[in-house]
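For reference, the structure is listed below as structure tokens.
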Amino acid sequence: MLNNTLMKRSRPSFYPYRVQLMGAPENGTETKDKQVVSCMPLVFYYLRCAKVRPTEGTSMNLTDQKHAPIYEALNRFRKQRVVPFDVPGHKRGRGNPELVELLGEKCVGIDVNSMKPLDNLCHPVSVIKHAEELAADAFGAAHAFLMVGGTTSSVQSMILSVCKAGDKIILPRNVHKSAINALVLCGAVPVYIDPRVEPKLGIPLGMEMDDVRRAIAENPDAVAVLVNNPTYYGICSNLKAIVELAHASDMKALVDEAHGTHLYFNENLPLDAMSAGADMAAVSMHKSGGSLTQSSLLLLGPDVNPRYVDKIINLTQTTSASYLLMSSLDISRRNLALRGEKSFEKVAQMAQYARDEINEVGGYYAYGRELVNGDSVFDFDVTKLSIYTRDIGLAGIEVYDLLRDEYDIQIEFGDISNILAYISIGDRLQDIERLVGALADIKRLYSKQPSEMFLSEYISPIVAATPQAAFYAEKESLPIRETVGRICSEFVMCYPPGIPILAPGEVITKEIVEYTLYAQAKGSSMQGPEDPDIAYLNVLKKGV
């Protein structure tokens with residue numbers, strides 16, 4: 001097995017690699033020409049799985065990673081007992097005792113505004129700048145931005161940094177709504193790659209290499225390729241190969257890595273975006289990284305101008321950044337850098353234990369690495385506990401509701417055929433056992449013969465206009481069943497996961513209408529349309 005601790009990527013070629021065999025002296029590394037050739041049986045595994053850092057040097061500086069500069073600055077500030085004649089107006093909670101009762105004095109006491117000792121996220125020069133440098137070091141990036149608008153803000157800043165009106169961007173259609181919203185904002189033109197669908201599970205898979213090659217060949221003027229990796233269900237594309245293809249065609253490689261924070265901290269997990277050589281990656285630290293909800297990171301590779309990206313971020317990100325969110329990013333980065341390897345090994349083991357136990361129950365199918373086929377499922381994130389429920393006659397969203405309402409268990413989401421239980425560093429084995437027991441109980445008490453149910457969570461759209469043109473076009477509202485054949489001007493989606501069933505500019509088909517109504521009837525949380533009941537949809541009055 002290869003140790004990934006000492007490697008360097010040089011664009012456009014990935015050579016020379018520097019590698020170290022497990023057990024070799026740390027100061028005895030050799031070049032690829034001497035060592036890789038001597039271990040040819042491992043070379044293909046290495047090329048597929050090796051985590052290659054885009055920056056010079058070895059692994060992260062663990063001594064530096066012990067610091068959390070924003071957290072430390074807030075602690076110094078707390079001890080100073082500064083009299084506040086600035087915002088926020090609750091004045092360390094004195095003006096809002098109910099807020100103190102809810103959040104506690106410590107929390108409210110550091111809900112402060114930007115000031116010189118605490119730096120400013122819009123133009124960091126001290127503690128925030130230091131925190132971003134430590135984040136870049138921990139994630140193997142050339143630069144990192146702390147983001148307080150969620151990974152939605154990270155994804156949109158990533159796309160807005162490389163796309164302007166009329167530019168083409170190649171991306172899978174099963175992207176999060178934030179990516180398509182970015183196209184509405186900037187006027188870029190999507191070149192969608194329709195994902196294949198796993199026939200039994202109904203879930204969209206990763207980007208197939210032939211589809212990526214075809215999209216690039218047919219759109220050589222595209223400026224970027226965007227990849228979801230991993231997907232909500234744990235599916236990973238051939239990230240390194242896609243990055244190589246994009247770079248060979250002088251396109252930027254962007255990765256929506258909302259569900260992949262943990263990939264950076266355990267070499268047994270799928271390849272992360274920075275190791276694959278991606279230009280930018282949006283990383284949702286609050287999901288598997290342990291920071292507060294709404295906190296995120298935007299990572300940059302060495303060929304991206306951070307000062308320009310900073311200007312793009314400041315177009316939309318708040319000028320009153322929350323120090324609660326920023327300090328949570330700072331503390332969580334430190335935690336992952338120092339303890340992430342062991343933590344995520346434990347997470348993977350818990351998820352595998354859960355898969356084994358759930359599959360023993362019968363009726364359910366908790367899937368994992370057996371789905372890997374080398375292309376549309378190039379790898380699988382084993383920390384994801386995705387479970388197929390249709391064989392017990394219940395939609396995923398029905399099992400989701402039963403777990404919450406009858407067993408006080410809140411899982412991440414349920415769709416038509418699957419549920420996802422998010423396993424992370426805060427879970428315990430007894431919680432896993434409680435989930436398994438509840439699923440067994442639901443099967444015993446509520447299962448029925450599978451009836452006619454939709455087989456797929458994804459329906460290929462027909463794109464008739466750009467998202468921006470359709471979003472701003474003159475529109476009219478029609479009963480949903482009367483919209484078949486018309487061009488939609490708004491989003492329709494189940495949330496979570498927030499992947500649009502319909503996006504602005506797409507043709508409404510009978511199958512899409514039936515799927516939408518079915519998902520709504522089963523209890524899915526529907527979002528997007530102006531009509532909150534989804535009884536009406538806005539469609540274009542005229543062609544575009």
Side-chain angles (χ1 to χ4, degrees), residues 196-206 230-236 259 262 266 268-270 288 344-374 376-404 406-451 453-458 496-497 522:
R196 302 294 190 271
V197 174
E198 208 288 329
K200 175 179 173 64
L201 307 176
I203 62 173
L205 303 177
T231 70
Y232 231 132
Y233 302 94
I235 305 298
C236 297
H259 299 280
H262 50 291
N266 190 293
N268 297 317
L269 296 175
S288 59
F344 291 122
E345 189 64 35
K346 179 182 175 183
V347 170
Q349 290 170 358
M350 284 194 295
Q352 187 57 51
Y353 171 77
R355 273 190 288 274
D356 293 341
E357 292 296 304
I358 291 166
N359 288 333
E360 278 291 316
V361 170
Y364 300 102
Y365 174 33
Y367 40 95
R369 284 191 52 80
E370 69 277 2
L371 297 182
V372 171
N373 59 25
S376 59
V377 188
F378 185 76
D379 207 344
F380 187 84
D381 176 9
V382 293
T383 70
K384 297 289 189 296
L385 181 57
S386 302
I387 306 161
Y388 177 71
T389 65
R390 193 168 177 269
D391 284 346
I392 65 167
L394 296 176
I397 187 61
E398 292 175 308
V399 176
Y400 171 101
D401 287 340
L402 285 167
L403 284 169
R404 183 196 61 232
E406 302 298 329
Y407 299 90
D408 294 328
I409 295 174
Q410 181 64 59
I411 58 173
E412 177 65 14
F413 82 91
D415 55 32
I416 301 303
S417 301
N418 303 267
I419 58 173
L420 172 67
Y422 216 97
I423 312 296
S424 73
I425 55 179
D427 285 301
R428 305 169 299 175
L429 191 59
Q430 55 262 46
D431 298 326
I432 301 291
E433 292 171 340
R434 182 174 170 185
L435 173 63
V436 174
L439 289 173
D441 214 33
I442 287 171
K443 179 197 171 188
R444 180 175 60 86
L445 296 175
Y446 299 99
S447 64
K448 55 190 177 183
Q449 285 298 316
S451 57
M453 300 171 70
F454 275 85
L455 299 178
S456 177
E457 304 299 338
Y458 174 78
K522 285 294 183 180

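Contacts of Arg196 classified as salt bridge (charged side-chain N to carboxylate O under 4.0 Å, His left out), with partners at least two apart in sequence or in another chain: Glu208, Asp211. For the side chain to side chain contact (heavy atoms under 4.5 Å, CB included) test, residues two or more places apart in sequence or in another chain that qualify with Ser386 are Tyr233, Tyr367, Lys384, Leu420. Remark: Tyr364 engages no residue in a ring pair (Phe, Tyr, Trp, His ring centres under 6.0 Å) (not counting sequence neighbours). For the salt bridge (charged side-chain N to carboxylate O under 4.0 Å, His left out) test, no residue two or more places apart in sequence or in another chain qualifies with Asp356. Remark: Arg434 pairs with no residue by the salt bridge (charged side-chain N to carboxylate O under 4.0 Å, His left out) rule, at least two apart or across chains.
Using a 4.5 Å cut-off on side-chain heavy atoms (C-beta onward), Leu445 and Leu402 make no contact. A 4.5 Å side-chain heavy-atom check between Ile235 and Leu205 finds at least one atom pair inside the cut-off. Proximity of Glu406 to Ile442: side-chain heavy atoms (C-beta onward) are nowhere separated by under 4.5 Å. A heavy-atom distance below 4.5 Å is not found between the side chains of Leu439 and Val361. The side-chain heavy atoms of Asp381 and His259, taken from C-beta on, include no pair separated by under 4.5 Å.
Taking both residues in full, the closest heavy atoms of Phe380 and Gly368 are given as CE2-CA, 3.5 Å, listed atom of the first, atom of the second, then distance. Nearest heavy atom pair, residue Lys522 against residue Ala395, reads CD-CB, 4.2 Å. Of all heavy-atom pairs spanning Ile409 and Ala438, the tightest one is CD1-CB, 3.7 Å. Residues Tyr400 and Gly414 share a closest heavy-atom pair of CD1-N, 3.6 Å. Closest non-hydrogen pair, Ser424 versus Ser288, comes out as CB-CA, 4.4 Å. Smallest separation of non-hydrogen atoms from Ala354 and Val436: O-CG2, 4.4 Å.
Distance CD/Glu345 to NE2/His262: 12.0 Å, rounded to 0.5 Å. Atom OG1 in Thr389 sits 10.5 Å away from atom CG in Leu201 (nearest 0.5 Å). Atoms CD1 and CE, on Ile425 and Met350 in that order, are 10.0 Å from each other to the nearest 0.5 Å. Separation of atoms CG (Asp391) and OH (Tyr365) is listed at 11.0 Å; rounding is to 0.5 Å. Annotation: the span from Leu403 atom CG to Ile419 atom CD1 amounts to 5.5 Å, rounded to 0.5 Å. With rounding to the nearest 0.5 angstrom, the OH atom of Tyr422 is 14.0 Å from the CD1 atom of Ile411.
No donor-acceptor distance shorter than 3.5 angstrom exists from the side chain of Asn418 to the backbone of Gly396, with no hydrogens or angles considered. In this structure, Asp427 contributes its side chain and Ile432 its backbone to no donor-acceptor pair below 3.5 Å. No donor-acceptor pair closer than 3.5 Å links the side chain of Ser447 to the backbone N or O of Ile392. Within the 3.5 Å criterion, the main-chain N or O of Arg390 finds no donor-acceptor partner in the side chain of Ser417.
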Side chain to side chain donor-acceptor pair (under 3.5 Å) between Glu398 and Tyr446, intermediate numbers included: CA-CA 10 Å; Glu398 292 175 308; Tyr446 299 99; over 6 Å; no

Intermediate values then yes/no, side-chain contact (heavy atoms from CB on, under 4.5 Å), Leu385 and Ile358: CA-CA 10 Å; Leu385 181 57; Ile358 291 166; 4.2 Å; yes

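Residue pairs meeting the salt bridge (Lys or Arg N to Asp or Glu O under 4.0 Å) criterion with at least one member in residues 436-448, sequence neighbours excluded, are Asp441-Arg444.
Within a 6.0 Å radius of CD in Glu360, other residues, nucleotides and ligands contribute 12 heavy atoms or fewer.
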